[in-house]
Structure formats: C-alpha cells, structure tokens
Amino acid sequence: MTTLPSPYPDLRRQLDGVRGLLLDMDGVLVLRNALIPGAAEALAALDAAAIPYVLATNTSLVSRATLSLELSRAGLSIPADRIVSAASAAAGYSRRHFADQAIYVLVAPDAKAEFEDLRLLTHESAADPGARAAAVVIGDAGDEFTPRNVQTAFTLLRSGARFVAMHKNRWWITPAGVMLDSGGYVAALEFATQRRALVTGKPSRTFFGEGVRRLGQMLDRKGSGARLAPGEVAMVGDDLWNDIRGAQKAGLRGAFVRSGKHGDAELARVVSERGGRAPDSVADSIMEVVAALAG
Ligand SMILES: [Mg+2]
C-alpha cells in the first residue's frame, strides 16, 4: 500500500490538465547513486493511477538497457523503453533524418547500442580519405576521444556532414572525481568548423519532443486515441535551466522539485533573469507532485 502526502491545493491547481510526466533522474529519483526516499512509491502510485511517465535524462555514456539495469539494482523498475536519454534522442533524430545514410557516431561503446539499426561508419572507414558521412554525432565518448577520432569528425564535418551533439555539458561528477565532459570537444569542433551543433539532449526542443512522442505512444496503447499536446506534459526536474526552462520553451510545463541541486537562490535567479520565468509548479519532491496528480 502506497502512502502519499495530502496534495497541496496550489500544486493540484498548477498541475491541472497534466496527463503525462517526464521525470529527470538525478536529483528527482536518485541522488549520489542512492534512491531518493519515496521515489519508488511515487512511481507505483503513477502506475496505479495509469498516468504515463518516461524517464528523461541527459545520460549519454550508457545505453537505456544498461541504465535500466543500474536503476533496477538501485530499486527502481523502469524498462528501457520508458527512458529517453540524450543518446536515444540522438539515435531517434538520426533514424528520422539519416535512415539509410552512413553516419559517424563518436560515443562510448555501450551507448552505441542505441544506434545499432543505423548505418554506422567504423573509426577506420570514417578515417578513409574520401569518406563521407551524412552526420557526425558526438556524445560522451570517454577514451574514444582520441586525437585521430576527433580529427576524423572534423574532416567529415568539413566535407558537409550534419553536426549533432547529444549535449554540451562541461563536466560531470564521477566516483573518480570531476571529469571533463563532451561539451568541450563539441565546442572545439564548433570553433574549428565555425558551425553550431544541433543538440538532442536537454534543454533542446528535440529532446522534449522525443519525450512527448514517447508518452503519446504509451497513452495510445491504452486506446485513449487523442494525441498528447506538449502542454499536457510536465517535466519534473531539479535543474531550473536544463529541465524547467528547456521544457517551458518547448511548450511543456516545468515542475521544479527541491530534492536535487537547485534551491531558493537559483529560483530567485531564474525568475529575475532577462526573459526569466518561474517554474509552473514548485514542490519539495516527486512525492508531492505525484500526490497532486494521483492523490
Ligand atoms: Mg537532475
């Protein structure tokens, strides 16, 4: 039996009309590899109320299958097809735009599984003089970011390949410390080619579009028929810029939770910035959001 807190009337009103949720992972469901208290109960309550949800994360180092396995070890059962990641959004974009064309994907081997039905150039064939690619896709490549592979990406971009980046994160925290993320490599290639990469992860419109599409498919399977509008979806996140503002710009509702990295100081900043806007709702955690929707 799941016990949810009593819904705050304000939160219930702010989330009125929401039919599906995109859930950020870090700071919403897990924090420093540990489950946030109540996260599993919140997901169970959404399932019980038949409110579809999709995990929406900028992770691009591993595939959704691996992520799903890691989450199940932490105590959350989220199948891979209920996850949209920066890597899977890049694969989805590539499938729609470059289905039968060769592409060069520079990403860690595990995340490359997302692209297995696409025509991928190997590092060797991509480095061939005269090689052509419809697109160069860059993600967290780790040790694959060799000078040779980055040069290959540069050469293909110069020959007219489309430039796709999973995200432009500067750094990230791992058990081994703060690590350089792929944003620096994307920035280097942007600088050298004088072109801008299309970003498929948060906070891009492409990413949120992928999430809304996935939720729509889940509702459709239940026979509800009607298409899901972005305004009927709330992005629940702890990052006021990547999650909340990004979602709002794409026409979704931004449901901020205080259980992760941002708090009152960032909340004041995001509202006072030029073009700033408050989140559509503010709650302490995913539990309150779910109680307002399903309680
Ligand atoms: Mg987060």
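Please read these numbers as outputs of a predicted model, since none were measured by experiment. Just so you know, ligand 1 is whichever comes first in the structure, and atom 1 is the first atom listed for that ligand.
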- Is the distance between the Mg ion (ligand 1) and the nearest N/O/S atom of Asp26 smaller than 2.8 Å?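 Yes, Asp26 qualifies, because one of its backbone or side-chain N, O or S atoms lies under 2.8 Å.
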
- Does a donor on one side chain sit under 3.5 Å from an acceptor on the other, for Arg245 and Gln248?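 No.
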
- Message: Less than 3.5 Å apart, any donor N or O on the side chain of Thr206 or Glu210 sitting next to an acceptor on the other?
- Response: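 Judged by distance alone, the side chains do not pair up.
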
- Message: To make sure I understand the geometry: which N, O or S atom in Asp24 is closest to the Mg ion (ligand 1)?
- Response: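 Of all N, O or S atoms belonging to Asp24, OD2 is the one nearest the Mg ion (ligand 1).
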
- Task: Check Asp238 and report its N/O/S atom nearest to the Mg ion (ligand 1), by atom name.
- Result: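 Atom name of the closest N, O or S in Asp238: OD1.
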
- Task: Flag yes if Val28 and Leu35 sit in one hydrophobic cluster, no otherwise; membership is Ile, Leu, Val, Met, Phe, Trp, Tyr, and two members link when side-chain heavy atoms are under 4.5 Å apart.
- Result: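 The answer is yes; both residues are in one hydrophobic cluster.
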
- Message: Would you say that more than 12 heavy atoms from the other residues, nucleotides or ligands in this model lie under 6.0 Å from the CZ of Arg96, or not?
- Response: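 Check passes, neighbour count above 12.
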
